[in-house]
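Inspection log for the structure reproduced underneath, given as C-alpha cells.
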Amino acid sequence: MARLKIEISVPDDHVEKVTAALHASGAGRVGGYERCTSVWRIDGTWQPMPGADPYDGEVGVLQHATESRIESFCDTDQAAAVLRAVRAAHPYEEPVIHFLPLYEPGED
C-alpha cells in the first residue's frame, strides 16, 4: 500500500490537539510503533485578505510568527479521515496540510 508524508503548519499552542487528532485518525503507525511524529519550529508569514476571518492577525496586515510543523505519515486510504480530523482540530480558517507521496523502494 502506498504511503503519504503529512506536513501540517500549526500555532504552537495547538500542537498537542492537532497531533492527537492526527493519531486518533490512524496516522503515525510504522510496524509495531504508533504515534510517530516530528515537530519542527518554523517562521510563518501570512496576510489576511478582505473577507478572511484570521485566527491570528488582522485583515490587510502582513503577519510573522513562530509556528510548528508537524510531520507524520499515513496510508493513502487513511488520507481523507486524517484530513477531516486535522481540519476539525486545527484553529486556522485555511490550515496548511500537505500530503506528499513517499517513494518506498523494494528490497532486492
Side-chain angles (χ1 to χ4, degrees):
M1 172 158 304
R3 307 266 293 159
L4 301 169
K5 178 182 178 187
I6 307 164
E7 298 177 347
I8 307 163
S9 297
V10 65
D12 294 335
D13 61 350
H14 279 73
V15 169
E16 292 301 321
K17 182 177 182 178
V18 171
T19 300
L22 182 73
H23 293 146
S25 65
R29 293 187 181 138
V30 178
Y33 296 85
E34 61 181 25
R35 302 184 59 82
C36 300
T37 56
S38 297
V39 179
W40 305 80
R41 299 295 223 135
I42 60 171
D43 293 320
T45 61
W46 63 95
Q47 183 172 345
M49 302 306 295
D53 183 20
Y55 167 78
D56 186 15
E58 50 186 282
V59 172
V61 178
L62 181 63
Q63 307 293 316
H64 299 270
T66 300
E67 298 177 288
S68 291
R69 168 79 41 86
I70 301 168
E71 295 183 2
S72 194
F73 37 83
C74 68
D75 294 335
T76 54
D77 65 349
Q78 297 173 304
V82 169
L83 182 62
R84 284 190 301 275
V86 169
R87 280 189 175 155
H90 205 295
Y92 291 170
E93 180 180 24
E94 299 289 340
V96 175
I97 307 166
H98 296 144
F99 289 87
L100 307 167
L102 292 173
Y103 172 70
E104 298 186 29
E107 294 186 36
D108 294 336

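Source: prediction; values computed, not measured.
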Quiz: residues 50-63 side-chain donor-acceptor pairs under 3.5 angstrom, not counting sequence neighbours:
from: Y55; atom 1: OH; to: D13; atom 2: OD1; distance (Å): 3.4
from: Y55; atom 1: OH; to: D13; atom 2: OD2; distance (Å): 3.3
from: Q63; atom 1: NE2; to: V61; atom 2: O; distance (Å): 3.1

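- When every heavy atom of V10 is checked against every heavy atom of P91, the shortest pair comes out as CG2-CD, 4.5 Å.
- Within the structure, the salt bridge (charged side-chain N to carboxylate O under 4.0 Å, His left out) test picks out the following pairs touching residues 36-47 (sequence neighbours left out): D12-R41.
- Applying the ring-ring contact (aromatic ring centres under 6.0 Å, His included) rule to pairs touching residues 68-88 yields nothing, sequence neighbours excluded.
- Contact detail for H90 and P11: the closest heavy-atom pair is CE1-CD, 4.2 Å.
- Cluster annotation: Y92 and V39 are assigned to distinct hydrophobic clusters (Ile/Leu/Val/Met/Phe/Trp/Tyr, side-chain heavy-atom contacts under 4.5 Å, transitive).
- Remark: E16 CD is loosely packed, at most 12 non-hydrogen atoms of other residues, nucleotides or ligands lying under 6.0 Å away.
- Other residues, nucleotides and ligands contribute at most 12 non-hydrogen atoms within 6.0 Å of the CZ atom of R87.
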(Q) For D75 and R3: C-alpha separation, side-chain torsions, deciding distance, then whether side-chain contact (heavy atoms from CB on, under 4.5 Å) applies. (A) CA-CA 4 Å; D75 294 335; R3 307 266 293 159; 2.8 Å; yes
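- With sequence neighbours excluded, the residues forming a side chain to side chain contact (heavy atoms under 4.5 Å, CB included) with K5 are E7, E71, L100, L102, listed by chain and number.
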Please report, to 0.1 Å, the donor-acceptor pairs under 3.5 Å made by any side chain of residues 19-33, with sequence neighbours excluded.
from: T19; atom 1: OG1; to: V15; atom 2: O; distance (Å): 2.7
from: H23; atom 1: ND1; to: T19; atom 2: O; distance (Å): 3.3
from: H23; atom 1: ND1; to: R35; atom 2: NH1; distance (Å): 3.4
from: S25; atom 1: OG; to: A21; atom 2: O; distance (Å): 3.3
from: S25; atom 1: OG; to: L22; atom 2: O; distance (Å): 2.7

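- A heavy-atom distance below 4.5 Å is found between the side chains of C74 and I6.
- Applying the salt bridge (charged side-chain N to carboxylate O under 4.0 Å, His left out) rule to pairs touching residues 88-98 yields nothing, sequence neighbours excluded.
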